[in-house]
Amino acid sequence: MITQTINHLIDHTNLDPKASKDSLLVLAKEALAYRFNSICIRPQSVRELAPIYRCSAVISFPLEKMSYQPGEDKLEDFIDKFFLNPSLEAVLEECETALRDGALELDPVMNPKHLIEELPISLNPIYQSLTSIIDRVFDLESLFLNKYDNLEAVDICLKPIFSCELLNDNQLKYSVEILAKVAQYYKLKRDKLNSSLKINISYKNSTGFIEVVGLAAQANPDLIRKIKNLLDLYDKEPYVQIKAAGGIRSYEDAINIINITNERLSHIGTSKGIQLCETI
């Protein structure tokens, strides 16, 4: 039996860089059959799959999974090995290509090295990158007008990925503050342009590609509760939501996350979408 209460939250995911076209086509058809929110894929596959199902494209995403062992591995060295370091223009070009190919959701990876030193938020490269992505989305408004009859129905999502498994509490707080300010920037920009184009913003907690030795799941309840509480503090409207990703493997896991987030949950990122939705 398909459980109707969570299928609409699931970002059905396959980020294997070696995934075959056939396996990604199966992913899209599964999403269609189960009425999932979207499929989360690498951007090179968006053009082929967007006509089949709503696509969420990862941006600046690492090529392979890596293991990190706290206390033995030096964090700075791990960050340098795992995270790509593209220029801002390269990030914007990747975002624009994905949107032109048909993606309606963007999941850009944020480098945690920009959270180590707490700069004024307007000077932080994460803030500058995300606000630049928002600017680029608005620059493409005519593209969306040509594709859709009603801009209100376009429903763009921006879900920056913060690798929370690598962050301490201060860095986690700083990352939430940044995203709350990004949301404020978006709302002011939209009002200034008098645009009908809506960008939903969600805090995504993990790429799912980092295995931290001793950590059972990236989207563990304690972490998601911390993110939710911080958003309640810095995003009082509220506007920013949460995409919980990494280690959600059962219906019970999903329901626990839903209860913790208390309506701030926009997506559940998982490769186990069918398993989550099938109950005995």
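This is a predicted model, so every value here is computed, not measured.
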Any residue meeting ring-ring contact (aromatic ring centres under 6.0 Å, His included) with [X], in chain and number order, not counting sequence neighbours:
X: H267; result: none
X: Y174; result: none
X: Y148; result: none
X: F82; result: F78

Test side chain to side chain contact (heavy atoms under 4.5 Å, CB included) applied to A219 - qualifying residues, sequence neighbours left out: N205, I224, A244, I248
Can you give each donor-acceptor pair under 3.5 Å made by side-chain atoms of residues 87-103, sequence neighbours left out, with the distance rounded to 0.1 Å?
from: S87; atom 1: OG; to: A90; atom 2: N; distance (Å): 3.1
from: E89; atom 1: OE2; to: R136; atom 2: NH2; distance (Å): 3.4
from: E94; atom 1: OE1; to: S60; atom 2: N; distance (Å): 3.0
from: E96; atom 1: OE1; to: R136; atom 2: NH1; distance (Å): 2.8
from: E96; atom 1: OE2; to: R100; atom 2: NE; distance (Å): 2.9
from: E96; atom 1: OE2; to: R100; atom 2: NH2; distance (Å): 3.2
from: T97; atom 1: OG1; to: E93; atom 2: O; distance (Å): 2.9
from: D101; atom 1: OD1; to: R47; atom 2: NE; distance (Å): 3.1
from: D101; atom 1: OD1; to: R47; atom 2: NH2; distance (Å): 3.0

Is the shortest side-chain heavy-atom distance between [X] and [Y] below 4.5 Å?
X: I227; Y: C164; result: yes
X: I133; Y: P108; result: yes
X: K21; Y: E48; result: yes
X: E165; Y: E211; result: no
X: V58; Y: C40; result: yes
X: E141; Y: L151; result: yes
X: I126; Y: F162; result: yes
X: P112; Y: L75; result: no

Shared hydrophobic cluster, [X] / [Y] (ILVMFWY, side-chain heavy atoms < 4.5 Å):
X: I257; Y: I255; result: yes
X: I52; Y: F36; result: no
X: L145; Y: I156; result: yes
X: V182; Y: V109; result: no
X: L9; Y: I161; result: no

Stepwise salt bridge (Lys or Arg N to Asp or Glu O under 4.0 Å) test for D77 and K81: CA-CA 6 Å; D77 291 342; K81 290 177 184 177; over 6 Å; no
More than 12 heavy atoms from other groups under 6.0 Å of NZ on K181: no
Steps toward side chain to side chain contact (heavy atoms under 4.5 Å, CB included) verdict (L24, I41): CA-CA 8 Å; L24 291 171; I41 55 177; 4.1 Å; yes
Derivation and outcome, side chain to side chain contact (heavy atoms under 4.5 Å, CB included), residues D22 and V26: CA-CA 6 Å; D22 286 345; V26 168; 5.7 Å; no
Looking at [atom1] of [X] and [atom2] of [Y], how far apart are the two atoms once the value is rounded to the nearest 0.5 Å?
X: C277; Y: Q275; atom1: SG; atom2: CD; value: 10.5 Å
X: L167; Y: K226; atom1: CG; atom2: NZ; value: 10.5 Å
X: K228; Y: R264; atom1: NZ; atom2: CZ; value: 7.0 Å
X: K113; Y: Q171; atom1: NZ; atom2: CD; value: 14.5 Å
X: H12; Y: S38; atom1: NE2; atom2: OG; value: 10.5 Å
X: N124; Y: I178; atom1: CG; atom2: CD1; value: 3.5 Å

Pairs meeting criterion salt bridge (charged side-chain N to carboxylate O under 4.0 Å, His left out) with involvement of residues 267-277, two or more places apart: none
Salt bridge (charged side-chain N to carboxylate O under 4.0 Å, His left out) pairs, two or more places apart, involving residues 192-206: D107-K204
Qualifying residues under side-chain hydrogen bond (donor to acceptor under 3.5 Å, both in side chains), relative to R54, sequence neighbours excluded: E105
Partner residues of S163 under the side-chain hydrogen bond (donor to acceptor under 3.5 Å, both in side chains) criterion, sequence neighbours left out: none
Test salt bridge (charged side-chain N to carboxylate O under 4.0 Å, His left out) applied to R225 - qualifying residues, sequence neighbours left out: D222
Which atom names give the shortest non-hydrogen contact between [X] and [Y], and what distance separates them?
X: G269; Y: K243; result: CA-CE, 3.7 Å
X: G247; Y: D253; result: O-OD2, 3.8 Å
X: I10; Y: G273; result: CD1-O, 3.7 Å
X: A183; Y: Y239; result: CB-CD2, 4.1 Å
X: V176; Y: Y203; result: CG2-CE1, 3.7 Å
X: I39; Y: D11; result: C-OD1, 3.7 Å

From CA spacing to verdict: side chain to side chain contact (heavy atoms under 4.5 Å, CB included), Y185, D135: CA-CA 10 Å; Y185 176 90; D135 289 344; 2.7 Å; yes
Pair R190-F138, side chain to side chain contact (heavy atoms under 4.5 Å, CB included): steps then yes or no: CA-CA 8 Å; R190 187 182 188 219; F138 278 116; 3.8 Å; yes
Donor on one side chain, acceptor on other, D155 and N200, under 3.5 Å: yes
Do any N or O atoms from the side chain of [X] and from the backbone of [Y] form a donor-acceptor pair under 3.5 angstrom?
X: S23; Y: A19; result: no
X: N146; Y: S142; result: yes
X: N220; Y: L223; result: yes

Verdict with reasoning, E177 to K173, per salt bridge (Lys or Arg N to Asp or Glu O under 4.0 Å): CA-CA 6 Å; E177 286 185 84; K173 177 179 73 70; 3.0 Å; yes
Within residues 61-72 or reaching into it, pairs that qualify as side-chain hydrogen bond (donor to acceptor under 3.5 Å, both in side chains) - sequence neighbours excluded: Q69-E72
